[in-house]
Amino acid sequence: MFTAFDPLLIAAAFLIMLVGFQKRWSFWRMGREEQRSGDLAGLISYLLGHGKILRNRYIGAAHLMLFWGLAIPLIIVVLAQFRFAMPDMVAKVLSFLLDLLGIAMLAGTLFFLVRRIRSKTPMSPDRVIFPLLILVLIILTGFSAAGTRIGILHTGPSWWSPAGWLVSLVLPRSPLMMQILIRVHFFLVLFFMAILPFTFMRHLAAGPLNVYYRSRGPRGKMGPVALDRGALGAGTLLDFSWKQLLDAESCVSCGRCEENCPASISGKPLSPRKLMGDILTQMEDIGRLRIDSMDSPFPLLEDIITSDEIWACTTCMACVEQCPVFIEPTDKILDMRRYQVLGRGRLPTEARPMIRDLEIYGDVNGKGLAHRRDWALSLGVPHISDEGLDPEILLWVGCSGAFHPKGQETTRAMVKILKTGGVRFGILGKEERCCGDAARRLGEEELFLDLAAKNLASFNKYQIKKIVTLCPHGFNILKNEYPALGDDPRSGSRTDFEVIHAAEFVLGLIEQKRISLKYPVDKRMAIHDPCYLGRANQIYEPLREVTGYVPGAELMELERNRANAFCCGGGGGRMWLHENIGHNISNLRAEEIGESGVELVGTACPFCLTMLEDGIAALEMEQPPKVMDIIEIVASSLRI
């Protein structure tokens, strides 16, 4: 079957593939250095189980058929080179299984081919069609070659190769045709191997590599930026790390991010898929043209990605949750915001008053430290330093909990629960400043660092060991981002405190029987999962478990819940930005709530509480569902 030139052809195809992948490697390696450790066990588990890919049932099943239809025959071909001897029956069973895999692989390939051809989305790349056609031809010529061989050697049915036998019924029993089909099949395999890095199918290498190097920490964690050296955010591709560029290289433009992005769904310009595609296109252009970083002008990211796109993001992390290969569009958007604010001074106009209040007063409401504990008047709430207190926890009140009327109600409810449960707690009062979440996610890194430093000084002053927060944004930034600022042995500064969200802490009080819920809440109730509690920190069940202890509450689920929950629209600093394009995100979530038939919506975030109340009010329903923080619901059912 093989000729003297075939080893040369194989070597040439292999060499072309290696050169192509080296070229692609140079594209994403132009990014700045970033320390990443791989996860081989996680990659193997991912490849074997296809967990995230199978979230979409039909696409996942097709991908599974395509993957195993390609992987197992490849393994067998490699093993066959060692010329193992095996019984005839074992060989036939193996042939039968390979035939079934070939049929499955053909079905999966045709599924993706038809899907791409029929796709009306302009961002669905046509260049994936050509390699899929080559793959279909490889499978068909393989079955045809097997069919002509069976027709020549066997007269009856061949159960060990059902597809080959069926083909043999329509093809002539011609040794010449068999030889031609074998050669065509061989050349197609070599051609497919050679073009792999130059087509969309390079994700066969880039995708697993991205999974291997995927982020394994909390999704809501923002990385630090050095203000005294290097780039302030991302103004060009070179400001992204190599891992961020590998994300772009790995994107298959499947559209799952776009289908779940609240900004995209609500008609705003942002599409995570387009954003990753734009970064990839510029990366390829720079790589092919060999543009040097010293060239002037060097292409800017703002040349391809508009300000409307980067400021539309709510940082809800739905795109990160849904991506089958763990791409993170959110961190690129936040780095571009940093550059726009720190490098260009382009903070959105409507956010400037809030940022000014943070700079002057230390809170987003502009009330000042002197009024930080006004909400607690006549409640007898102790300061963390009160003599003889020996506090179990620091209650982190936050800006909403201290100043917003609805937030104050939640804070007072939490105080009631803590006192009923006999919890020794205190607050920082006038020594508490904004956690800095909004400032950081709007690109004001320097302001965030200033606020964080002052809060950390207070934590260390009173040797805080455990913090309970009412706001998921405060929870996320205190738990995941303050520790990255580092301990300082010289000053005794520590960041090893424990951070717990109030819903989890209250659940512990109930389970320890420190509080008892008596009064019923006879309502059909649903949970709205806050993004920074759910997708960012994987806290879903405590909200439902707490609700389960409330007498009379009939828990229902919204259509989009837990990891698939729809954002309220207030995250990423969007609470202070206008929605001038498309629909209000909060209204879309409110419509879903209204259609569900629930009477009460429980959430665990002051942003969600405000946004959902506004959205439901806009529906002008005759009997609108009420929105309450879960802490308020527990307090209303509390037996004192």
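All values below were derived from every heavy atom in this structure, side-chain atoms included, with hydrogens, water molecules and symmetry-related copies excluded.
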Evaluate the side-chain proximity of [Y] to [X]: yes if any heavy-atom separation is below 4.5 Å, no if none is.
{"X": "Leu280", "Y": "Glu284", "value": "yes"}
{"X": "Leu555", "Y": "Arg544", "value": "yes"}
{"X": "Gln244", "Y": "Arg32", "value": "yes"}
{"X": "Leu135", "Y": "Leu188", "value": "no"}
{"X": "Ile539", "Y": "Pro542", "value": "yes"}
{"X": "Arg173", "Y": "Ser168", "value": "no"}
{"X": "His203", "Y": "Val325", "value": "no"}
{"X": "Asp247", "Y": "Ile279", "value": "no"}

Do the rings of Trp242 and Tyr213 sit parallel, tilted or perpendicular, given the 30° and 60° boundaries? perpendicular
For the residue pair His50 and His63, does the interplanar ring angle fall in the parallel (under 30°), tilted (30 to 60°) or perpendicular (over 60°) class? tilted
Whether [Y] and [X] form a salt bridge (side-chain N of Lys/Arg under 4.0 Å from carboxylate O of Asp/Glu) is what I want to check.
{"X": "Glu249", "Y": "Arg202", "result": "yes"}
{"X": "Arg273", "Y": "Glu258", "result": "yes"}
{"X": "Arg256", "Y": "Glu259", "result": "no"}
{"X": "Glu309", "Y": "Lys268", "result": "no"}
{"X": "Arg183", "Y": "Asp6", "result": "yes"}

Return the minimal non-hydrogen interatomic distance between [X] and [Y], and the atom names on each side.
{"X": "Cys608", "Y": "Thr603", "answer": "CB-OG1, 3.5 Å"}
{"X": "Phe27", "Y": "Gly287", "answer": "CE2-CA, 3.5 Å"}
{"X": "Asn587", "Y": "Gly615", "answer": "OD1-CA, 3.4 Å"}

Between Arg562, Lys52, Arg55, which is the residue that forms a salt bridge (charged side-chain N to carboxylate O under 4.0 Å, His left out) with Glu321? Arg55
Verify whether one side chain among [X] and [Y] offers a donor that lies under 3.5 Å from an acceptor in the other.
{"X": "Thr141", "Y": "His185", "answer": "yes"}
{"X": "Arg36", "Y": "Ser241", "answer": "no"}
{"X": "Ser215", "Y": "Glu328", "answer": "yes"}
{"X": "Asn537", "Y": "Asn480", "answer": "yes"}

Within 45° of the ring axis of Phe566 and under 6.0 Å from its six-membered ring centre, is that where the NZ or CZ of Arg560 lies? yes
On the ring face of Phe240, is Lys332 found with NZ or CZ under 6.0 Å from the centre and within 45° of the axis? no
Apply side chain to side chain contact (heavy atoms under 4.5 Å, CB included) to Leu588 and Glu591, showing your working. CA-CA 5 Å; Leu588 297 181; Glu591 287 173 8; 4.1 Å; yes
Please test Lys221 against Asn476 for side-chain hydrogen bond (donor to acceptor under 3.5 Å, both in side chains), starting from the C-alpha separation and ending with a verdict. CA-CA 7 Å; Lys221 181 179 178 180; Asn476 177 73; over 6 Å; no
In Å and rounded to the nearest 0.5 Å, what is the CD1 to SG distance from Ile585 to Cys316? 8.0 Å
Value for SG (Cys605) from CE (Met611), rounded to nearest 0.5 Å, stands at 10.5 Å
Arg574/Thr315 under side-chain hydrogen bond (donor to acceptor under 3.5 Å, both in side chains): CA gap, chis, key distance, verdict: CA-CA 9 Å; Arg574 291 287 321 171; Thr315 67; over 6 Å; no
